Amino acid sequence: MKRYSLFSLVRNGINHHSNWDRVWRNPNPRPEYDVVIIGGGGHGLATAYYLAKEHKITKIAVLEKGYIGGGNTGRNTEIVRSNYLWDEAAQLYEFSLKLWQNLSSELNFNLMYSKKGVLNLGHSLQDMRDISRRVNANRLNGIDSELLSTEEVKGLVPIINTSPDTRYPILGASLQKRGGTARHDGVAWGFGRAADAFGVDIIQGCEVVGIRQEDGSAVGVDTTKGYIKAKKIGVAVAGHSTVLANMAGFRLPIETHPLQAWVTDPIKPVLDVVVMSNSVHAYVSQTDRGELLAGAGIDAYVGYGQRGSFSVLEHAASSIIELFPIFSRIRVVRQWGGIVDTTPDACPIIGKTPLKGLFLNCGWGTGGYKATPGSGWVFAYTIANDTPHNLNEPFSLERFITGKLIDEHGAAGVAH
Ligand code: FAD
Ligand code: PYC
C-alpha cells in the first residue's frame, strides 16, 4: 500500500492535489468473478477485504449502486461497543470490538477510534434491573461493564441533570469503558482502499437489478452496467435487503425503517463520553470537531426513503434538552436519515439462503456499524467455506423457522 512522505503531502497541498493517485481504481466490471458482493457499505467492503486477506480469493467485485459508504455506513453516529445481553450476540460484537483495536494500523487509515466510554442511562427501577442484568451477563462473558450510581454518572458527566424532579430522573447507568466512537467514512475508505490493493474491483454507480439462477443456484447478477457472472454472491445491502431477496425469489423477516441523526454547531469540549438512553430513544456525544452528534429511535413507518419525520426528531431533541438543559440554545445545523433493516429479535442474519451460492448479511438494524469488521470477517469465512463460522452460526435465517431467536431489543442502541 502506498505511503506518502511529509514532503509529498506538502507538495500536493500546494498544487491543489492535482497529482494525487486515485485511492482505489475505478474499473469496468469484468464478465465474471469468483465472488460478487452486492453493497459497498462497510460490511460489503470489509467482507471483500477479509475474503482477499484471509481466504486468498481476489477475483472479487463489490457492486455499489451509489458511492461507497453512502448508505448507513456514512450516516450513522459512530458508536462502537459490545455490551450485548446474550452469549451469542456478546461474543460476535466482542469479536468485532477486538478487531477495532488494531484496525487503523491494519488498514493504514486513521479511523480515530476513541475509547471515550459509553453510558446507558436508567430512568426507572425496571430500567435499572435490566441494566444490572446486562452488566452481570457482560462480565460473565469477559466483557468490561460497570454499574454506576446517579452520583457516579454526575461525576463522569457534570453537565447532566440528575435532579429527581425531571421527566427522566437518572437512577444510574451502565458504563463500557472500551466503548466509544470511530470515524465512519474512514471505515468505508479504509476497507475500500485495502480491498482494492488486493485487486478487488470496487464498482460504483452499479445497481444490481436482478439475480439470475440455474437449477436452484445463483449464477450471476443483472446490473445497470450489464450482466456479471459469479460463482458466489454475497448480499450486504442493509435497508434494501428485502428488495434483493425479492429478486432472488424469497422473503425475509425484515422491516426497513428510517433512522435519523443530526449535528449542532461546534462548541468547546463539554462531553467526553457517549450518553445513551434506551428508554428515552435519544443519545448524544461530542465529536472531535466540537459538534454535538445526536440521534433518535426509528420512525415507526416502513419505507426506503432516507429521511424521517419531524416529530421523532423533536421528541429526541426535547429529551436530550431535558437531560442536558445546557444544550437548550444550541443550533442544529444538519439532519439526515438512513434506512435500517430490522429483524424481529433485533439481531442480524449472516449466512446461507434458500438459493445455493447466495449468501446474506443483513438485519443489523440500528446497530451494525460497531460490528463492521467482525461482520465482514465472519461473512467472508461463510462465503469462502460455504458454511458459517461458530460466531455467526446462531444468526441463521432458519432461526425464524425454528424459533431459536436471540432477543437483543434491550441492548439495541435505540429501540427498534
Ligand atoms: P450500508 O452502509 O447501508 O451499505 C449498503 C449499501 O448497499 C449501500 O451503500 C447501498 O447503496 C447499497 N445497495 C443497496 N441496494 C443495492 C443494489 N441493488 N445494488 C448495488 N448496491 C446496492 N450502528 C452502530 O453500531 N452504532 C451507531 O452509532 C449507529 N448509528 C446509526 C445512526 C443512524 C442515523 C443510522 C441510519 C444507522 C446507525 N447505525 C449505527 C446502524 C449502522 O449504520 C448500520 O447497521 C451499518 O452501517 C450497516 O452497514 P452496511 O454496510 O450493512 O449497510
Ligand atoms: O447500536 O450503539 C448503537 C447505536 C447507537 C445509536 C444508534 N445505534
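Just so it is clear, the model here is predicted, and its values are computed rather than measured. Numbering of ligands and ligand atoms starts at 1, following listing order.
At the top of the distance list for atom 7 (O) of ligand 1, counting protein heavy atoms only, stands Gly39 CA, 3.3 Å. When hydrogens are left out, the protein atom nearest atom 6 (C) of ligand 1 is Glu64 OE1, 3.5 Å; that is the closest non-hydrogen contact. Closest to atom 36 (C) of ligand 1, if we only count protein heavy atoms, is Gly338 CA, 3.5 Å. Here the protein heavy atom with the shortest distance to atom 19 (N) of ligand 1 is Val208 N, 3.0 Å. Protein heavy atom closest to atom 5 (C) of ligand 1, with residue, atom name and distance, is Ala236 O, 3.5 Å. With hydrogens left out, the protein atom closest to atom 4 (O) of ligand 1 is Gly41 CA, 3.3 Å, a heavy atom. Of all protein heavy atoms, the one lying nearest to atom 2 (O) of ligand 1 is Thr73 OG1, 2.6 Å. Counting protein heavy atoms only, atom 51 (O) of ligand 1 is closest to His43 N, 3.0 Å.
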Worksheet entry | Full working for side-chain contact (heavy atoms from CB on, under 4.5 Å) between Ile211 and Leu244 | CA-CA 8 Å; Ile211 295 178; Leu244 270 292; 4.1 Å; yes

Item to complete: Evaluate ring-ring contact (aromatic ring centres under 6.0 Å, His included) for His240 paired with Tyr304, printing each intermediate quantity in order.
Response: CA-CA 7 Å; His240 289 95; Tyr304 299 109; 5.6 Å; yes

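Only backbone heavy atoms of Thr366 (N, CA, C or O) come within less than 4.0 Å of ligand 1; its side chain stays farther off. For Lys65, heavy-atom contacts with ligand 1 shorter than 4.0 Å involve the backbone as well as the side chain. When heavy-atom distances to ligand 1 are checked against a 4.0 Å cut-off, Cys206 comes that close only through its backbone atoms N, CA, C and O. Contacts of Leu63 with ligand 1, taken as heavy-atom pairs under 4.0 Å, involve the backbone alone. The part of Glu78 lying near ligand 1 is the backbone, judged by heavy-atom distances below 4.0 Å. For Val243, no heavy-atom contact with ligand 1 is shorter than 4.0 Å. Contacts between Tyr283 and ligand 1 below 4.0 angstrom, taking non-hydrogen atoms only, involve the side chain exclusively. Only the side chain of Tyr283 comes within contact range of ligand 2, with a heavy atom under 4.0 Å; no backbone atom does.
Listed by atom number, the atoms of ligand 1 under 4.0 Å from Ala238 heavy atoms are 3 (O), 52 (O), 53 (O). Ligand 1 places these atoms under 4.0 Å from at least one heavy atom of His240: 14 (C), 15 (N). Atoms of ligand 2 found under 4.0 Å from any heavy atom of Thr77, numbered from 1 in the order shown, are 6 (C). Per-residue contacts place Asn72 under 4.0 angstrom from the following atoms of ligand 1 (heavy atoms of the residue considered): 1 (P), 2 (O), 3 (O), 36 (C), 43 (O), 44 (C), 47 (O). Every atom of ligand 1 with a heavy atom of Tyr369 under 4.0 Å away is listed here by number and element: 23 (N), 24 (C), 25 (O), 26 (N), 40 (C), 42 (C), 44 (C), 45 (O), 46 (C). For ligand 1 and Glu207, the ligand atoms under 4.0 Å from any heavy atom of the residue are 18 (N), 19 (N). Shown in contact with Ile38 at under 4.0 Å from a heavy atom are these atoms of ligand 1, numbered in order with element: 19 (N), 20 (C). In the vicinity of Thr366, heavy-atom distances shorter than 4.0 Å reach the ligand 2 atoms 1 (O), 4 (C), 7 (C), 8 (N). Taking every non-hydrogen atom of Lys370 and a distance limit under 4.0 Å, the qualifying atoms of ligand 2 come out as 1 (O), 2 (O), 3 (C). Of all the atoms in ligand 2, the ones that sit under 4.0 Å from a non-hydrogen atom of Gly367 are 1 (O). Atoms of ligand 1 found under 4.0 Å from any heavy atom of Trp364, numbered from 1 in the order shown, are 45 (O). Proximity to Met276 (heavy-atom distance under 4.0 Å) selects the following atoms of ligand 2: 2 (O), 5 (C). Near Lys370, with a cut-off below 4.0 Å to any heavy atom, the atoms of ligand 1 are 24 (C), 25 (O).
Taking the six-membered ring where tryptophan is involved, the planes of Tyr369 and His184 are perpendicular, since the angle between them exceeds 60° and thus also 30°. Ring-plane geometry between His281 and His315 is classed as tilted, the angle between the planes lying from 30 to 60 degrees on a 0 to 90 degree scale.
Taking a 4.0 Å cut-off on heavy atoms, Gly365 registers as neighbouring ligand 1. Within the structure, the closest approach of Gly295 to ligand 1 does not fall below 4.0 Å when heavy atoms are considered. Using a 4.0 Å heavy-atom cutoff, Ile68 is absent from the residues neighbouring ligand 1.
An N or O contact shorter than 3.5 Å is missing between Ile339 and ligand 1 by distance. Among the atoms of Gly42, some N or O lies under 3.5 angstrom from an N or O of ligand 1. Checked against a 3.5 angstrom limit, the closest N/O atoms of Gly367 and ligand 1 fall inside it.
Of the N and O atoms on the side chains of Asn361 and Ser375, at least one donor lies less than 3.5 Å from an acceptor on the other residue.
Of all heavy-atom pairs between Ala48 and Val62, the closest is CB-CG2, 3.6 Å.
A cation-pi arrangement is found for Arg212 relative to Tyr227, the charged atom lying closer than 6.0 Å to the ring centre and inside a 45° cone about the ring normal.
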